[in-house]
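Okay, structure first, notes after.
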Amino acid sequence: MRILGIIEHPQVRIQVFQFGNRFSVKMEAGMYEQNYKFRESPLLQGLSDIQKIVDAAFVERAFKVFDEMHALSGEGWQRFEALHTRADDDWEEII
């Protein structure tokens, strides 16, 4: 896998990789990342074509996915924390 380049964006890190006949677009925001793969084709040949796919509308939708990822992570953490708290509250009964 080799790095083809970076798509500049002020809020998210976007890297483009090539591996065999596939392109991989990795988007990172905070602790979350998304990865999109595209097959090379006569229409899709390189970084400039990927940049046309990863346009403002694409990035806007990706931010919605990041928001969902954040919500899911938070909900999972809350369930985990509740289980941990309950385990600590189970005191042995002393007579």
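The first residue in the sequence is number 1, and the count goes up from there. These numbers were taken from a predicted model, which means no experiment stands behind them.
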Please check if the side chain of Gln34 supplies one atom and the backbone of Val65 the other of a donor-acceptor pair under 3.5 Å. no
Flag yes if [X] and [Y] sit in one hydrophobic cluster, no otherwise; membership is Ile, Leu, Val, Met, Phe, Trp, Tyr, and two members link when side-chain heavy atoms are under 4.5 Å apart.
{"X": "Phe17", "Y": "Phe23", "value": "no"}
{"X": "Ile3", "Y": "Met1", "value": "yes"}
{"X": "Ile6", "Y": "Val59", "value": "no"}

Selection residues 53-76 - residue pairs positive for side chain to side chain donor-acceptor pair (under 3.5 Å), sequence neighbours left out: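 Of all non-adjacent pairs touching residues 53-76, those that pass side chain to side chain donor-acceptor pair (under 3.5 Å) are Tyr32-His70.
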Starting at CD of Gln15, measure out to CG of Leu4 and round the result to the nearest 0.5 Å.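 Reported to 0.5 Å precision, the distance equals 11.0 Å.
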Would you compute the distance between atom CZ of Phe66 and atom CE of Met27 and round it to the nearest 0.5 angstrom? 5.5 Å
Tell me who clusters with Trp77, hydrophobic residues only, linked when side chains sit under 4.5 Å apart either directly or through other members.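 Taking Ile, Leu, Val, Met, Phe, Trp and Tyr as members, Trp77 shares its hydrophobic cluster with Phe80.
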Sequence-distant partners of [X], side chain to side chain donor-acceptor pair (under 3.5 Å), two or more places apart:
{"X": "Asn35", "result": "Ser24"}
{"X": "Arg2", "result": "Gln18"}
{"X": "His9", "result": "none"}

With sequence neighbours excluded, tell me which residues meet salt bridge (Lys or Arg N to Asp or Glu O under 4.0 Å) with Lys26.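 For Lys26 the salt bridge (Lys or Arg N to Asp or Glu O under 4.0 Å) partners, ignoring immediate neighbours, are Glu28, Glu33.
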Considering residues at least two apart in sequence or located in another chain, which fulfil the ring pair (Phe, Tyr, Trp, His ring centres under 6.0 Å) criterion with Phe19? none
Ring pair (Phe, Tyr, Trp, His ring centres under 6.0 Å) against Tyr36, all qualifying residues, sequence neighbours excluded: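 Scan of Tyr36 (ring pair (Phe, Tyr, Trp, His ring centres under 6.0 Å), adjacent residues dropped) gives Phe58.
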Donor-acceptor contacts, no H, no angles, side chain residues 41-54, under 3.5 Å, sequence neighbours left out:
| unit_1 | atom_1 | unit_2 | atom_2 | d |
| --- | --- | --- | --- | --- |
| Ser41 | OG | Leu43 | N | 3.2 |
| Ser41 | OG | Leu44 | N | 3.1 |
| Gln45 | NE2 | Ser41 | O | 2.3 |
| Asp49 | OD2 | Gln45 | N | 2.8 |

